[in-house]
Protein chains: 2
Amino acid sequence: MISKKCSYALRAVLALSRNTGGKPLTIHQIAESEGIPARFLEAILRDLKQSGLTESLRGKEGGYRLLGSPRELSVGQVIRAVEGPWLDVPTEAADEVFSPMWEELQNNVNELVDSLTFQQLLSREDTLRRSAVSDYSI
Amino acid sequence: MISKKCSYALRAVLALSRNTGGKPLTIHQIAESEGIPARFLEAILRDLKQSGLTESLRGKEGGYRLLGSPRELSVGQVIRAVEGPWLDVPTEAADEVFSPMWEELQNNVNELVDSLTFQQLLSREDTLRRSAVSDYSI
DNA sequence: ACAATCCCGACTAAATTGATAGACATACTG
DNA sequence: CAGTATGTCTATCAATTTAGTCGGGATTGT
């Protein structure tokens, strides 16, 4: 199950990715544009900052910016920043017979989410936008 | 995260797999041998029965048996029986940009858990048992 | 009849998730 | 400096999910 916190985080980071190079985005701007409860987003952005994915500026003209390029930022990094270790098996259940399966599962999942970057999401978004426009104009 | 319910279910089905062809196992036998709270196991076995993976016999000499062979029963079938649809994304979060990723993730995960049968787990268990014995006898 | 078993629905407690609140720190502006 | 717009922190709360329990009922073999 994907938690709301996780999808909020991904959308927030996507918003920050769109904004690369621009003025920092405030919590409220992101909250409004992405439809995320502002006080909740605040905690999420703090997690992202503590994991070193974003930087923040206080005071007037403050807000959040991505640290580094969307090209080098993967979905997996964001997920792990807000969810902690994912898909973990409780130690008591780490039965010898089943644990190789859980490990393999975790590896597969991490490989997948680590191979998708925000740069790729941005171009996917762009493709979707273009096709929506052409659908409308036809 | 793998729930306790899920790992209990897997261990219970593994116990039933070991017992293929034998007299039915009672809830209490499985609960004791696998260290699962009996009343909780009862609910789990009910789920498994309702999904058609096991059959039950009531009264004295009653208990549970696997329906079908461990060779044709996958870990994925058991997981889905007790967890319902797994790794689902809340519909509100089913954003056009992210949903292909969630779908691919779900497909990968299902492929993996559907490719591992209880027959395979039984032989893995056997291998482990043999190597433990030889470790001891050296 | 009796005992052993599964069957069912309701219930509870603990943990997690989703969200909110208030006080505080920082930084820019005039 | 005063004022305002920001982020920071800790605590709290409500809703949901997970884990587990309970009491009684139904079924079957002896």
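Numbered from 1 within each chain, the chains take letters A, B, ... in sequence-line order. Keep in mind that this is a model prediction, so the values were computed, not measured.
The distance from atom NZ of Lys49(B) to atom P of dT5(C) is 16 Å, rounded to the nearest whole Å. The interatomic distance linking Gln29(B) (CD) with dA4(C) (C1') rounds to 12 Å, in whole Å. If you measure from atom CD of Gln50(B) to atom C1' of dC6(C), you get 13 Å, rounded to the nearest angstrom. Rounded to an integer number of Å, the gap from CZ of Arg46(B) to P of dG9(C) is 7 Å. When the C1' atom of dA19(C) is taken as reference, atom CG of Leu41(A) falls 12 Å away, rounded to whole Å.
Applying the ring-ring contact (aromatic ring centres under 6.0 Å, His included) test to pairs two or more places apart or on separate chains, those with a residue in residues 9-50 of chain B are Tyr8(B)-Phe40(B). Sorted pairs that involve residues 108-131 of chain A and meet ring-ring contact (aromatic ring centres under 6.0 Å, His included), not counting sequence neighbours, are lacking altogether.
The closest donor-acceptor contact from the side chain of Ser115(B) to the backbone of Leu112(B) lies under 3.5 Å.
Within 6.0 Å of the CZ atom in Arg71(B), the count of heavy atoms belonging to other residues, nucleotides or ligands does not exceed 12. Crowding of Glu55(B) atom CD: a count of heavy atoms from other residues, nucleotides or ligands under 6.0 Å exceeding 12.
Using a 4.0 Å cut-off between a side-chain N of Lys or Arg and a carboxylate O of Asp or Glu, Glu61(B) and Lys23(B) qualify as a salt bridge. Using a 4.0 Å cut-off between charged side-chain N and carboxylate O, Asp47(B) and Arg80(B) make no salt bridge. Between Glu125(B) and Arg18(B) a salt bridge is recorded (basic side-chain N to carboxylate O distance below 4.0 Å).
A search for side-chain contact (heavy atoms from CB on, under 4.5 Å) contacts involving Leu57(B) returns Pro24(B), Arg65(B), not counting sequence neighbours.
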Take nucleotides 22-30 of chain C nucleotide by nucleotide from the 5' end and write B, S or -, depending on whether a protein heavy atom sits under 4.0 Å from the base, only from the sugar-phosphate, or from neither. B--BBBS--
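Toward the 5′ end of DNA chain D lies the nearest nucleotide of Leu45(A), the other residue of the pair Leu45(A) and Ala38(B) mapping further downstream.
Protein chain A contacts DNA chain D from dA5(D) to dT10(D), reading 5' to 3' and using non-hydrogen atoms of the protein with a distance under 4.0 Å.
There is no side-chain donor-acceptor pair under 3.5 Å between Glu72(A) and Thr117(A).
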Atom pairs, N/O to N/O, protein against nucleotides 13-18 of chain C, distance under 3.5 Å?
residue : atom : partner : partner atom : Å
dG18(C) : OP1  : Lys4(A) : N            : 3.1

Run the numbers on Lys49(A) and Ser56(A) for side chain to side chain donor-acceptor pair (under 3.5 Å), then give the verdict. CA-CA 7 Å; Lys49(A) 187 191 174 184; Ser56(A) 66; 3.0 Å; yes
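The side chain of Ser56(B) places an N or O atom within less than 4.0 Å of a non-bridging phosphate oxygen (OP1 or OP2) of dC7(C).
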